[in-house]
Trainee: 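Please read through the structure below; I'll follow up with questions.
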Amino acid sequence: MKFTKRVASLLTTGALMGVSLVGINAPTASADDYCWSNAIEVNNSSGVFRLKKTLPLKKGPYSACEDGKFALNGRNFYAWCYETNKHGNLWYYGREQFDDDMGWVYVGNLTFLSGTLRPCPFT
């Protein structure tokens, strides 16, 4: 009888701990919450940058966003607009020279050459 009471007590304690632990998890945002494709339809800037390395154009202004087509090192990147993400990182939306595929590039991967830069219309 003592064994049965102990097992029941342990199971009850474990169940209560499990229920309370579920409540402590902070909600996490997935990349889908911040990533979008072709969200900008109007060219809002005339900024021209040089790509510092070959990299994928991102589907949103976060490194966790899905990769798009690759943009090649040394080519120009024509910025349509910029966005500062929730982490405070500056990203530019635009296209690579010789290509019409659009995407996002982090400012650290670009060297500014000329033009004007404006925020994306949804900001």
Side-chain angles (χ1 to χ4, degrees):
M1 190 78 146
K2 284 184 178 182
F3 178 75
T4 306
K5 283 185 179 180
R6 281 192 176 166
V7 170
S9 176
L10 284 173
L11 289 174
T12 303
T13 303
L16 289 174
M17 287 180 68
V19 168
S20 65
L21 287 176
V22 170
I24 14 180
N25 291 333
T28 56
S30 71
D32 293 337
D33 295 334
Y34 306 108
C35 303
W36 53 89
S37 181
N38 299 325
I40 312 298
E41 296 179 6
V42 177
N43 187 345
N44 199 25
S45 298
S46 64
V48 180
F49 292 87
R50 175 87 18 93
L51 289 158
K52 291 182 180 180
K53 62 182 183 178
T54 297
L55 48 78
L57 298 175
K58 293 290 189 171
K59 300 288 183 177
Y62 289 86
S63 60
C65 293
E66 182 182 344
D67 291 346
K69 191 169 183 178
F70 274 82
L72 301 178
N73 178 37
R75 288 204 178 159
N76 287 345
F77 179 80
Y78 301 114
W80 281 29
C81 61
Y82 66 85
E83 170 76 3
T84 301
N85 69 18
K86 294 188 187 309
H87 302 295
N89 298 317
L90 181 62
W91 289 73
Y92 286 95
Y93 182 77
R95 67 177 185 85
E96 180 206 37
Q97 177 182 15
F98 308 123
D99 202 335
D100 290 333
D101 288 336
M102 304 296 291
W104 293 88
V105 176
Y106 173 65
V107 68
N109 296 318
L110 299 168
T111 301
F112 179 73
L113 298 178
S114 66
T116 59
L117 302 163
R118 293 190 178 87
C120 294
F122 53 80
T123 59

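Along the sequence shown, residues carry numbers from 1.
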Trainee: Supply the atom-to-atom distance R95 CZ to N43 CG, rounded to the nearest 0.5 angstrom.
Mentor: 9.0 Å
Trainee: If every non-hydrogen atom of P56 is compared with every non-hydrogen atom of G68, which pair is closest and at what distance?
Mentor: CB-O, 3.9 Å
Trainee: Could you pull out all residues at least two apart from F70 that satisfy ring pair (Phe, Tyr, Trp, His ring centres under 6.0 Å)?
Mentor: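 Testing F70 for ring pair (Phe, Tyr, Trp, His ring centres under 6.0 Å), a comparison that skips the adjacent residues, returns none.
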Trainee: Could you give all pairs that pass the side chain to side chain donor-acceptor pair (under 3.5 Å) test and reach residues 105-122, with sequence neighbours left out?
Mentor: S46-T116
Trainee: Might you point out which heavy atoms bring Y93 and C120 nearest each other, and give the distance in Å?
Mentor: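 Between these two residues, the closest heavy atoms are CB-SG, 4.5 Å.
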Trainee: Using the side-chain hydrogen bond (donor to acceptor under 3.5 Å, both in side chains) criterion, which residues pair with N76? Sequence neighbours excluded.
Mentor: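 Listed in chain order: R50.
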Trainee: According to the interplanar angle, ranging from 0 to 90°, do the rings of F77 and F49 count as parallel (below 30°), tilted (30 to 60°) or perpendicular (above 60°)?
Mentor: tilted
Trainee: Please find the pair of heavy atoms, one from A71 and one from L51, that lie closest to each other, and give the distance.
Mentor: CB-CD1, 3.5 Å
Trainee: What are the two closest non-hydrogen atoms of L57 and G103, and how far apart are they?
Mentor: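 What the structure gives for the nearest pair is CB-CA, 3.8 Å.
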Trainee: What orientation do H87 and Y62 show, parallel under 30°, tilted 30 to 60°, or perpendicular over 60°?
Mentor: perpendicular
Trainee: Please confirm whether the backbone N or O of L72 pairs with a side-chain atom of E96, one donor and one acceptor, at under 3.5 Å?
Mentor: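 Answer holds: yes.
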Trainee: Under the side-chain hydrogen bond (donor to acceptor under 3.5 Å, both in side chains) test, which residues partner D67, sequence neighbours left out?
Mentor: K58
Trainee: Do W80 and L90 sit in the same hydrophobic cluster, where Ile, Leu, Val, Met, Phe, Trp and Tyr count as joined when their side-chain heavy atoms come under 4.5 Å apart?
Mentor: yes
Trainee: How close do P61 and N85 get, counting heavy atoms only, and between which atoms?
Mentor: O-ND2, 2.8 Å
Trainee: CG of L55 to CG of L110: how many Å apart, nearest 0.5 Å?
Mentor: 7.5 Å
Trainee: Could you list the residues that satisfy salt bridge (charged side-chain N to carboxylate O under 4.0 Å, His left out) with K69, not counting sequence neighbours?
Mentor: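 For K69 the salt bridge (charged side-chain N to carboxylate O under 4.0 Å, His left out) partners, ignoring immediate neighbours, are D99, D101.
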Trainee: What's the spacing between W104 CH2 and C81 SG if we round to 0.5 Å?
Mentor: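 Spacing of CH2 (W104) from SG (C81) equals 5.0 Å.
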Trainee: Minimum heavy-atom separation for Y82 to P119, with atom names?
Mentor: CE2-N, 3.3 Å
Trainee: Residues in ring pair (Phe, Tyr, Trp, His ring centres under 6.0 Å) with Y78, at least two apart?
Mentor: none
